[in-house]
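What follows is a single structure, written as structure tokens, with notes after it.
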Protein chains: 2
Amino acid sequence: MIGDLMMDSNAPLARLVRRLERYAPLPAADRQAILALPAQVERIGRGRRLIDEGQQDHAVMQLLSGYACRYGLLSDGQRQITGVFVAGDVLGVRSGDLPIAAQTVSTLSDVELVKIPHTAIAALAESRAAIARALWNESILDANMACDWIVSLGRRDARGRVLALLQELTARCRDAGLTIRDSLILPLTQEEIGDATGLTSVHVNRTLMALQAEGLIDRVGRRVTLLANRPPAAARMLSA
Amino acid sequence: MIGDLMMDSNAPLARLVRRLERYAPLPAADRQAILALPAQVERIGRGRRLIDEGQQDHAVMQLLSGYACRYGLLSDGQRQITGVFVAGDVLGVRSGDLPIAAQTVSTLSDVELVKIPHTAIAALAESRAAIARALWNESILDANMACDWIVSLGRRDARGRVLALLQELTARCRDAGLTIRDSLILPLTQEEIGDATGLTSVHVNRTLMALQAEGLIDRVGRRVTLLANRPPAAARMLSA
DNA sequence: CGATCCGTTGAAGAGAATCAATTTGCGTGG
DNA sequence: CCACGCAAATTGATTCTCTTCAACGGATCG
């Protein structure tokens, strides 16, 4: 809950700069402006809500470590995870005109994050076109990933969905430098994998065991290793 | 394929202004700048692709009439529709840094649309913060609707998914002034409804017949009427 | 050492896919 | 105006995936 020492507080914002420069460099002045943002580093435990649906004043956050997810609830209490966030990802990005959070975001593990008041970010986006564009990029990528998720849920069977989820997480953890040869620590319970893939935890369990029996994945405790590097092969289940 | 007369070409851009002002008014100068954009009105037949995945130079378009959809394909040829667009919706919005279209967009009916070169839009977004923010809004809403779609696909049964799709379309057509008492012309075939809901056309048919037998919907030809109306989650932001 | 959460396994049932006709609606051309 | 041809809608029978319900083992933690 307590921010780190002052001298450390610039490091996380440097990471935000790196993130926002993924696709296009920022003017030096914009970089400085980001580094000068009021920011707070927090450590938060597993299973805590970061942003609530309908919340108006939520901050912009960047995950420094750990996992989080966004989800929606149905009236009968069923939960569907609509996106998983890994270290480096930015949460709560939105333009100034849509103050309402559309979905809930919650942690999937203990996390570290930087928190920035949305007013400060909004002011920056208002005056600096390159920053606005970089944040806009985040929204677009978010929408693109959501579309891939839709395709997976709509047209793949349990095996394909779980595989696709593992592949997406592996790829994103690799980008974040969190993997060792396609091996990553997956803090999700099978229940949560089910919430992400639209399956029950029971069926997730059977699917994971089947994938392991097929030699496509290896599991040791919470560490999962992807042994098949062929995304297209995942969709071909005629051999099963 | 030929644009309309010059004197008509401002009317569709006025509609674009209205769209971009849904959530916040634009400065008069920004409105004028939009009206001055180079635009071309086109009529395009059903089943034509408007934007191809991987395409770099696609234009920004606003639907003036008709329906379109965005979809992804699996390697085995299965199709999953990830979003439906109705009159007024803006397609192909993206920031300057991500030139690649992530998914394919195709018409679901004969359509009319305005086409604007993305370079012209990008230049405007670069210099005018309010326009950038309005376009950004479109991306965020797009992501929000995709998330609702994910929840539907992951956690609802066939009945719930078809109902949710009809409710979303009804709500959006109502906003576009295309409904008469929750009744709308639905040009989607049952095959296409299946592609949107992750079902087969056979099961869509059975589900529609069941909904009709239950008295929840009424169908006459292509006209569908929602008889039991609950507020669709997807449109929550539209009424904000 | 019990409490609890998570993972694993079994058996039975529901919902959707699949396969296969058949019918309806509609534009087209004779 | 009617016959033809085609795409879409409808129906039936069967198969299979996934869910549901239930129980049990193993780890972790006060």
Side-chain angles (χ1 to χ4, degrees), chain A residues 45-47 67 74 76-80 107-110 152-166 185-214 217-224 234-240, chain B residues 45-47 67 74 76-80 108-110 152-166 185-214 217-224:
Chain A
R46 183 196 152 93
Y67 295 80
L74 247 39
D76 59 1
Q78 284 191 100
R79 181 170 90 144
Q80 175 63 46
T107 58
L108 288 168
S109 69
D110 293 348
S152 213
L153 283 178
R155 288 307 183 193
R156 282 200 250 257
D157 63 6
R159 188 171 167 281
R161 285 187 222 172
V162 172
L163 220 38
L165 175 66
L166 292 178
I185 305 269
L186 193 69
L188 305 210
T189 67
Q190 295 181 356
E191 180 80 37
E192 287 162 341
I193 296 176
D195 283 347
T197 52
L199 303 168
T200 58
S201 63
V202 172
H203 203 60
V204 167
N205 180 282
R206 288 176 175 138
T207 305
L208 286 173
M209 314 248 328
L211 289 174
Q212 188 161 22
E214 285 182 65
I217 65 172
D218 188 44
R219 291 185 301 153
V220 180
R222 296 231 137 139
R223 178 164 286 276
V224 178
R236 276 197 297 270
M237 46 215 97
L238 300 174
S239 57
Chain B
R46 184 197 151 94
Y67 296 80
L74 249 36
D76 60 359
Q78 285 191 100
R79 180 170 89 143
Q80 175 63 46
L108 288 169
S109 69
D110 293 348
S152 212
L153 285 178
R155 290 303 182 196
R156 279 202 251 257
D157 62 6
R159 189 173 166 282
R161 287 187 218 171
V162 171
L163 217 39
L165 176 66
L166 292 178
I185 304 271
L186 192 70
L188 305 210
T189 66
Q190 295 181 357
E191 179 81 37
E192 287 162 340
I193 295 176
D195 283 346
T197 53
L199 302 167
T200 59
S201 63
V202 172
H203 204 61
V204 167
N205 180 279
R206 290 181 171 135
T207 305
L208 285 173
M209 313 257 306
L211 288 174
Q212 189 161 22
E214 284 182 67
I217 65 172
D218 188 45
R219 293 184 301 152
V220 180
R222 298 231 133 139
R223 179 164 285 276
V224 177

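Throughout, protein chains are lettered first and strands after them, A, B, ... in sequence-line order, and every chain is numbered starting at 1.
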I'd like to check the salt bridge (Lys or Arg N to Asp or Glu O under 4.0 Å) partners of [X]; sequence neighbours left out, ordered by chain and number.
| X | value |
| --- | --- |
| B:Arg155 | A:Asp195 |
| A:Arg223 | none |
| B:Arg46 | B:Glu192 |

**Prompt:** For A:Thr107, which residues count as a side-chain contact (heavy atoms from CB on, under 4.5 Å) partner, sequence neighbours excluded?
**Reply:**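 Once residues adjacent in sequence are excluded, the partners of A:Thr107 under the side-chain contact (heavy atoms from CB on, under 4.5 Å) criterion are A:Ile44, A:Arg48, A:Leu50, A:Val111.
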**Item:** Listed partners of B:Ser201 passing side-chain contact (heavy atoms from CB on, under 4.5 Å), at least two apart
**Value:**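 Counting only residues at least two positions away or on another chain, B:Ser201 forms a side-chain contact (heavy atoms from CB on, under 4.5 Å) with B:Glu191.
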Could I get a table of every N or O pair under 3.5 Å where one atom is in the protein and the other is in nucleotides 18-26 of chain C?
| unit_1 | atom_1 | unit_2 | atom_2 | d |
| --- | --- | --- | --- | --- |
| C:dT18 | O4 | B:Arg206 | NH1 | 3.4 |

**Message:** Reading DNA chain D in the 5' to 3' direction, which nucleotide is the first one with an atom under 4.0 Å from a heavy atom of chain B, and which is the last?
**Reply:**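 So the contact region on DNA chain D extends D:dA8 to D:dA13.
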**Prompt:** Which residues, if any, of residues 187-196 of chain B bring a heavy atom under 4.0 Å of DNA chain C?
**Reply:**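 Going residue by residue through residues 187-196 of chain B, none turns out to have a heavy atom under 4.0 Å of DNA chain C.
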**Request:** Would you please name every residue forming a side-chain hydrogen bond (donor to acceptor under 3.5 Å, both in side chains) with B:Arg219, sequence neighbours left out?
**Result:**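 With neighbours one apart ignored, the set is B:Gln212.
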**Request:** With sequence neighbours left out, write down each residue that passes side-chain hydrogen bond (donor to acceptor under 3.5 Å, both in side chains) with A:Ser152, or none if nothing qualifies.
**Result:**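 Listed in chain order: A:Arg156.
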**Asked** What is the distance from CG of A:Leu211 to P of C:dT8, rounded to the nearest Å?
**Response**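 Taking atom P of C:dT8 as the reference, CG of A:Leu211 is at 13 Å.
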**Estimated bend of the helix from C:dC1-D:dG30 to C:dG30-D:dC1 (axis per five terminal pairs, rounded to 10 degrees)** =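 So the angle between the two local helix axes works out to 40°.
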